[in-house]
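Working notes, structure below.
Order of the sequence lines fixes the chain letters, A, B, ..., with proteins taken first and strands second; residue numbering starts at 1 for each chain. Scope of the values below: all heavy atoms of this structure, side chains included, with no hydrogens, waters or symmetry mates.
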2 protein chains.
Amino acid sequence: MKTLRVPEATVTRLSIYSRFLERLDRNGITTVSSGEIAEGVGVSPAQVRKDLAYFGEFGTRGVGYNVKDLMKYTLKILGLDQTWSLAIIGAGNLGFALCTYYGFNVRGFYVAAVFDIDPTKIGKRIGKLEVQPLDSFPEVTGHEHIRIGVIAVPIRGAQEVADLLIKNGVEAILNFAPMALNVPDHIEVRNVDLSVKLEILTFNLGFRAAQNL
Amino acid sequence: MKTLRVPEATVTRLSIYSRFLERLDRNGITTVSSGEIAEGVGVSPAQVRKDLAYFGEFGTRGVGYNVKDLMKYTLKILGLDQTWSLAIIGAGNLGFALCTYYGFNVRGFYVAAVFDIDPTKIGKRIGKLEVQPLDSFPEVTGHEHIRIGVIAVPIRGAQEVADLLIKNGVEAILNFAPMALNVPDHIEVRNVDLSVKLEILTFNLGFRAAQNL
DNA sequence: TAGATTGTTAATCGATTAACAATC
DNA sequence: TAGATTGTTAATCGATTAACAATC
């Protein structure tokens with residue numbers, strides 16, 4: 001089988017198209033063109049068609065795409081035709097927000113457990129969950145295999161948490177600590193750095209000011 | 001003056017280098033090479049040198065870079081040689097986490113005000129701040145000009161909030177609602193979508209499974 | 001001087017865009 | 001049929017990498 005490499009930028013946009021299609025579907029729209037998707041998410045129509053072409057032919061020439069079908073296809077491609085259990089490590093304000101984040105639920109993610117090392121946080125309730133001591137990660141997650149861990153601890157604890165997760169069979173990590181984690185090659189890591197985009201804004205505002213001089 | 005266009009990917013990495021340099025500096029390290037920076041943040045040494053070259057010559061051949069100096073340069077370039085006041089719109093769990101996010105403070109961001117439309121949230125305290133009714137945005141921010149707004153409201157309210165911010169002189173928006181905002185050309189917008197990276201992980205995990213078949 | 005590392009150019013690689021035949 | 005829109009190829013654009021002279 002020919003394995004075409006899919007650019008990560010394509011997968012990123014696919015996730016965004018997918019969300020947009022859900023919105024169209026909720027609004028009762030049944031058909032959409034690449035141009036309308038492009039307009040809705042802020043890319044070019046050719047980009048939309050090229051991205052989709054990595055995975056198959058989903059449209060009808062002269063007509064466009066069936067919203068519900070394309071939505072299902074994108075979900076399938078992204079692996080969201082199943083529920084994913086997450087473990088969130090860190091029950092601070094960010095961990096709390098992630099545990100209760102509606103945007104995860106709506107996309108088929110399910111927070112199975114939350115952990116912290118801070119005794120004042122352990123036992124606290126977050127929705128239906130109770131914050132567990134990090135030590136108990138193996139037992140707590142033992143019966144249901146957790147493949148994805150979310151790190152929401154300060155920089156100083158992040159690497160240690162990553163090591164623990166990996167030792168316990170976690171295969172992918174979403175890291176909110178603003179640092180690079182050291183992990184084996186077979187572990188997938190993506191960082192979400194809340195400051196980076198803010199600093200792109202300040203860079204651009206400053207740059208704009210410099211242009212005016 | 002020759003205006004060289006700086007790729008956004010370069011600015012993104014600059015923000016990451018900057019954080020890494022702060023960490024080195026905190027650990028008392030005084031000199032660093034492009035190779036060590038590269039190693040520390042997960043890019044190539046050539047990439048590091050190329051990125052820095054957009055802005056000047058900061059190193060010494062045969063030696064490397066002075067950590068403290070390079071750190072200051074990167075902060076300056078990113079516009080972080082000043083404090084930026086932010087307004088956060090949305091005092092739900094995510095808004096709360098952003099208000100109290102240490103990573104903003106440490107980079108010179110200051111949350112000047114928080115707003116919501118929900119009467120049950122208005123008046124609630126978040127640290128030293130009190131949640132204000134969104135209507136009062138003009139008065140509250142009147143005396144100190146807020147150039148950057150952070151949107152942490154659900155999709156259905158996001159566009160309306162963006163319009164209000166822009167009407168009141170906000171120049172840049174960091175948008176956590178997973179949708180594309182419609183704004184005039186002169187407004188800078190960057191989206192932080194908490195699900196996208198998670199979906200890259202599920203895509204890759206699913207893809208890996210497919211390879212094994 | 002010898003070794004190390006930068007700054008920068010040229011080569012490579014990959015992603016986006018434009019264009020259009022296919023086709024509903 | 002005429003109009004619309006896809007799927008796909010080729011052209012363009014831009015970013016990354018490799019290589020090396022400059023130089024500490």
Quiz item: Which dot-bracket string describes DNA chain D (Watson-Crick N1-N3 plus N6-O4 or O6-N4, or G-U N1-O2 and O6-N3, all under 3.5 Å; [ ] crossing; | other strand)?
Solution: ..||||||||||||||||||||||
Self-check item: N or O in side chain of B:Ser33 less than 4.0 angstrom from C:dT5 OP1/OP2
Solution: no
Quiz item: Which of these nucleotides, D:dT17, C:dT17, D:dC24, is closest to any side-chain atom of A:Gln47?
Solution: C:dT17
Exercise. Find the distance A:Leu52:CG to C:dT16:P and express it as a whole number of Å.
Key: 13 Å
Exercise. Rounded off to whole Å, could you give me the OH-to-P distance for the B:Tyr73 and C:dG7 pair?
Key: 11 Å
Quiz item: Under 4.0 Å: is that the gap between some side-chain N or O of B:Arg13 and OP1 or OP2 of D:dT16?
Solution: yes
Quiz prompt | Closest-nucleotide ordering on DNA chain C, the 5'-leading residue of A:Val63 and A:Ala46 | solution = A:Ala46
Quiz item: Is the closest side-chain donor-acceptor distance between B:Ser18 and B:Arg107 under 3.5 Å?
Solution: yes
Exercise. Send over the distance from B:Asn66 CG to C:dT6 P, rounded to a whole Å.
Key: 13 Å
Quiz prompt | Full working for salt bridge (Lys or Arg N to Asp or Glu O under 4.0 Å) between A:Glu22 and A:Lys68 | solution = CA-CA 8 Å; A:Glu22 281 188 333; A:Lys68 216 177 266 293; over 6 Å; no
Practice problem: Round to a whole Å and report the spacing from CZ of A:Phe55 to C1' of D:dT6. | Solution: 18 Å
Quiz item: Any idea how B:Phe58 and B:Tyr73 line up, ring-wise: parallel (<30°), tilted (30 to 60°), or perpendicular (>60°)?
Solution: tilted
Quiz item: Does atom CD1 of B:Ile166 have more than 12 heavy-atom neighbours, drawn from other residues, nucleotides or ligands, at distances under 6.0 Å?
Solution: yes
Practice problem: Count the heavy atoms of every other residue, nucleotide or ligand shown that sit under 6.0 Å from NZ of A:Lys197, and state whether that count exceeds 12. | Solution: yes
Self-check item: Length of the line joining A:Glu57:CD and C:dC24:C1', which is rounded to integer Å
Solution: 13 Å
Quiz item: Among C:dT23, D:dT17, C:dA15, which nucleotide sits nearest the side chain of A:Arg61?
Solution: C:dT23
Quiz item: C:dT6 P sits how many Å from B:Tyr54 OH, rounded?
Solution: 18 Å
Quiz item: If you check the A:Lys50 side chain, which of C:dG7, D:dT16, C:dT16 turns out closest?
Solution: C:dT16
Practice problem: Answer yes or no: does a side-chain N or O of A:Ser44 lie under 4.0 Å from OP1 or OP2 of C:dT16? | Solution: no
Quiz item: Between B:Leu70 (CG) and C:dG7 (P), how many Å, whole number?
Solution: 9 Å
Quiz prompt | B:Asn175 and B:Val192, any side-chain heavy atoms less than 4.5 Å apart | solution = no
Quiz item: Side-chain N or O of B:Arg5 less than 4.0 angstrom from OP1 or OP2 on D:dG14?
Solution: no
Practice problem: Please identify each residue that fulfils side chain to side chain contact (heavy atoms under 4.5 Å, CB included) with A:Leu24, with sequence neighbours left out. | Solution: A:Phe20, A:Leu21, A:Ile29, A:Val32, A:Val67
Exercise. Write down the distance between CD (B:Glu36) and P (C:dA4), rounded to a whole number of angstrom.
Key: 13 Å
Quiz item: For DNA chain C, whose closest nucleotide is more 5', that of B:Val32 or that of A:Thr60?
Solution: B:Val32
Self-check item: No-H, no-angle donor-acceptor pair, A:Arg49 side chain to D:dG7 base, under 3.5 Å
Solution: yes
Quiz item: Going by distance alone, is a donor N or O of one side chain under 3.5 Å from an acceptor N or O of the other, for A:Asp51 and A:Tyr17?
Solution: yes
Exercise. Would you indicate what A:Ser34 reaches in the nucleic acid, counting non-hydrogen atoms under 4.0 angstrom: base, sugar-phosphate, or nothing?
Key: sugar-phosphate
Exercise. Using only side-chain N and O atoms of B:Tyr65, determine if any of them is under 4.0 Å from OP1 or OP2 of C:dG7.
Key: yes
